[in-house]
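The structure under discussion appears below in the form of structure tokens.
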Amino acid sequence: MNYFSEIALISGNANRPLSEEISGILGIPLCDTSVVRFADGEISVTIHESVRGKDVFILQPACPPANDSLMEILILIDALKRASAGRINVVMPYYCYARQDRKEKARVPISSKLVADLISVAGADRVIACDLHADQIMGFFNIPVDRLQAMPIIAEYIMCHEYDLDNMVVVSPDVGSAKRSRALAERLGVPLAIVDKRRPKDNVAEVMNIIGDVEGKDVIMIDDMVDTAGTIVGAANALKTLGAEHIFVSCTHGLLSGPAVERIKNSAIDKFIMTNTIPLPEEKRLDKIEVVSIAPLLADVIKRVHTGDSVSELFN
């Protein structure tokens, strides 16, 4: 029996084009599923075909509106559990509430742990996520978590296009992104620099210093997510002031909330590269924004999870 015959793919509404692309790569049609809303906003799910005993993969990033996307995941899990699915795997390319991963001050929640508890209690058997904002989130689950990396995809994009690697330096937008930036620099075979910044309040960052040489260089910055783009645009403008030649920015999750698109448009950034873990609406598309698909990686991981093959080998 072909091992694909026991896989079932179910998509929520958050990023249907990504689900359809994964379905096309695997050659497995999406299950006939209705995910609709009542007049008061409540979510209703109906799965129109049998999933009894099957290895089911829910394809749904918890992207904006995050609460609606997350509730779709939870209700889909419950529907599958009650339909006697063999195993329920949540393919969650973007994990919401990931920035609330620790208690930095009194009387605040650890919301990313709460999300992990909700997914686990709902009945999921495994979670597949891409570039979690904090490594410790994996430890919030009592079920297996496969944490994927988009960095190799971004590195391949850069190497396959006309970028001058001999004159390039990877710049980490902050100290927290240094590990990811160093991995990209090593893969490209280029030097690393780091932006020293302080964050006086949420979504506000001030660049204090640049550790490394960027004068006359083409620089590329990589981050896990870009929300309002204040940090990344501030860093890009500072790098331009310090003599950087061309500035490229890459990220896994392009939230691009509020003034983000306008900031990118008017910034020193020459090219903004993002994956499609979060859909980019037509009104946010700019000539300088390039979207790279993560569907081939997710499709490969789904195959490996189903057959019991190693997922980590993909990143060696």
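This chain uses plain numbering: 1 for the first residue, then up along the sequence. Because only heavy atoms are used, hydrogens play no part in the values below, and waters and symmetry mates are left out as well, while side chains stay in. Remember, it's a predicted structure, so these values are computed and weren't measured experimentally.
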Between N237 (side chain) and A268 (backbone), is there a donor-acceptor pair under 3.5 Å?
yes
Could you tell me whether K113 and D101 make a salt bridge, using a distance below 4.0 angstrom between a side-chain N and a carboxylate O?
no
Going by side-chain hydrogen bond (donor to acceptor under 3.5 Å, both in side chains), name the residues that satisfy it together with R180, two or more places apart in sequence or in a different chain.
none
Kindly compute the distance separating CG (L280) from CG (L255), expressed to the nearest 0.5 Å.
11.5 Å
Basic-acidic side-chain contact under 4.0 Å: E186, R182:
no
D287 atom CG: more than 12 heavy-atom contacts under 6.0 Å:
no
Under 4.5 Å between side-chain heavy atoms, counting indirect links through other Ile/Leu/Val/Met/Phe/Trp/Tyr residues: same cluster for M274 and V233 or not?
yes
Do L297 and L314 have side-chain heavy atoms sitting under 4.5 Å apart?
yes
Are H133 and D224 close enough, and set up right, to give a side-chain hydrogen bond (donor to acceptor under 3.5 Å, both in side chains), and what steps lead you there?
CA-CA 7 Å; H133 188 66; D224 63 322; 2.6 Å; yes
Heavy-atom donor-acceptor pair, E72 side chain to V35 backbone, under 3.5 Å:
no
Might you point out which heavy atoms bring L30 and S19 nearest each other, and give the distance in Å?
CD2-O, 4.0 Å
same_hphob_cluster(L9, V51) at 4.5 Å side-chain heavy-atom cutoff
no
Minimum heavy-atom distance H253-Y94, with the two atoms named
CG-CD1, 3.5 Å
Any donor-acceptor N/O pair, S69 side chain to C63 backbone, under 3.5 Å
yes
Between S181 (side chain) and A178 (backbone), is there a donor-acceptor pair under 3.5 Å?
no
List the atom of A122, the atom of I77, and the distance in Å for their closest heavy-atom pair.
O-CG2, 3.3 Å
How long is the gap from CD1 on I289 to CG on L256, to the nearest 0.5 Å?
5.5 Å
Walk me through it: do H48 and S34 pass the test side-chain hydrogen bond (donor to acceptor under 3.5 Å, both in side chains)?
CA-CA 8 Å; H48 299 290; S34 299; 2.7 Å; yes
Counting distance only, does the side-chain N/O of D270 pair as donor-acceptor with the main-chain N or O of I247 below 3.5 Å?
yes
Contact between V195 and T231 at the side-chain level, heavy atoms closer than 4.5 Å - yes or no?
no
Is there a side chain to side chain contact (heavy atoms under 4.5 Å, CB included) between Q100 and I110 once you walk through the steps?
CA-CA 5 Å; Q100 299 179 45; I110 304 179; over 6 Å; no
Could E104 and R102 be called an ion pair, given the rule that one side-chain N must be under 4.0 Å from one carboxylate O?
yes
Run F140 and D117 through side chain to side chain contact (heavy atoms under 4.5 Å, CB included) and show every step you take.
CA-CA 8 Å; F140 294 164; D117 289 342; over 6 Å; no
Side-chain (S44) to main-chain (V36) donor-acceptor, under 3.5 angstrom:
no
Do you know which two heavy atoms are closest between C31 and A8, and how far apart they sit?
SG-CB, 3.8 Å
Could you check if a side-chain atom of I220 sits within less than 4.5 angstrom of a side-chain atom of V171, using non-hydrogen atoms only?
no
List the residues meeting salt bridge (Lys or Arg N to Asp or Glu O under 4.0 Å) with E162, not counting sequence neighbours, and say none if there are none.
none
What are the two closest heavy atoms between I88 and K81, and how far apart are they?
CD1-N, 3.6 Å
Determine whether V292 and I278 fall in the same hydrophobic cluster, where Ile, Leu, Val, Met, Phe, Trp and Tyr are linked whenever their side-chain heavy atoms lie under 4.5 Å apart.
no
Rounded to the nearest 0.5 Å, what separates atom CG in N13 from atom CG in D68?
10.0 Å
A155 and L188 have their tightest heavy-atom pair at O-CD2, 3.9 Å
Rounded to the nearest 0.5 Å, the OH atom of Y97 sits from the CG atom of N67 at a distance of 3.5 Å
Quick check against the 3.5 Å criterion: does Q60 have a side-chain atom that pairs as donor or acceptor with the backbone of V91?
no
Within 6.0 Å of NZ in K271, more than 12 heavy atoms from elsewhere:
yes
Which distance, rounded to the nearest 0.5 Å, do you find between the CD1 of I154 and the CZ of R187?
11.0 Å
Working for side-chain hydrogen bond (donor to acceptor under 3.5 Å, both in side chains), residues E20 and S11
CA-CA 8 Å; E20 291 172 350; S11 176; over 6 Å; no
So if you build clusters from Ile, Leu, Val, Met, Phe, Trp, Tyr with side-chain heavy-atom gaps below 4.5 Å, do V301 and I25 land together?
no
Linked, directly or transitively: V311 and M92 (ILVMFWY side chains, under 4.5 Å)
no
Can you confirm whether Y95 sits close enough to D131 that some side-chain heavy atom of one is under 4.5 Å from a side-chain heavy atom of the other?
no
Does E245 offer a backbone N or O that forms a donor-acceptor pair with the side chain of K240 under 3.5 Å?
yes
Could you check whether any side-chain N or O of K288 sits under 3.5 Å from a backbone N or O of I269, counting only pairs where one atom can act as donor and the other as acceptor?
yes
Go through I128 and V145 one step at a time and tell me if the side chain to side chain contact (heavy atoms under 4.5 Å, CB included) criterion holds.
CA-CA 6 Å; I128 300 169; V145 177; over 6 Å; no
How about I302 and I22: do any of their side-chain heavy atoms sit closer than 4.5 Å?
yes
With a 4.0 Å cut-off, would you call D213 and K217 a salt bridge?
no
Please determine which of D125, D55, D146 meets the side chain to side chain donor-acceptor pair (under 3.5 Å) test together with N89.
D55
Could you check if a side-chain atom of E21 sits within less than 4.5 angstrom of a side-chain atom of S293, using non-hydrogen atoms only?
yes
When you compare the side chain of V169 with that of L192, does any pair of heavy atoms fall below 4.5 Å?
no
Does any pair with a residue in residues 305-316 pass salt bridge (Lys or Arg N to Asp or Glu O under 4.0 Å), and if so which ones, sequence neighbours excluded?
R304-E313
Is the shortest side-chain heavy-atom distance between L18 and P279 below 4.5 Å?
no
Hey, is the main chain of D164 close enough, under 3.5 Å, to the side chain of D218 for a donor-acceptor pair?
no
Please round to the nearest 0.5 Å and tell me the distance separating atom CD1 of I210 and atom CD1 of I194.
10.5 Å
Verdict with reasoning, T46 to T33, per side chain to side chain contact (heavy atoms under 4.5 Å, CB included)
CA-CA 6 Å; T46 305; T33 308; over 6 Å; no
So does N142 have more than 12 non-hydrogen atoms from other groups sitting under 6.0 Å from CG?
no
Tell me whether E49 at atom CD has more than 12 heavy atoms from other residues, nucleotides or ligands lying less than 6.0 Å away.
yes
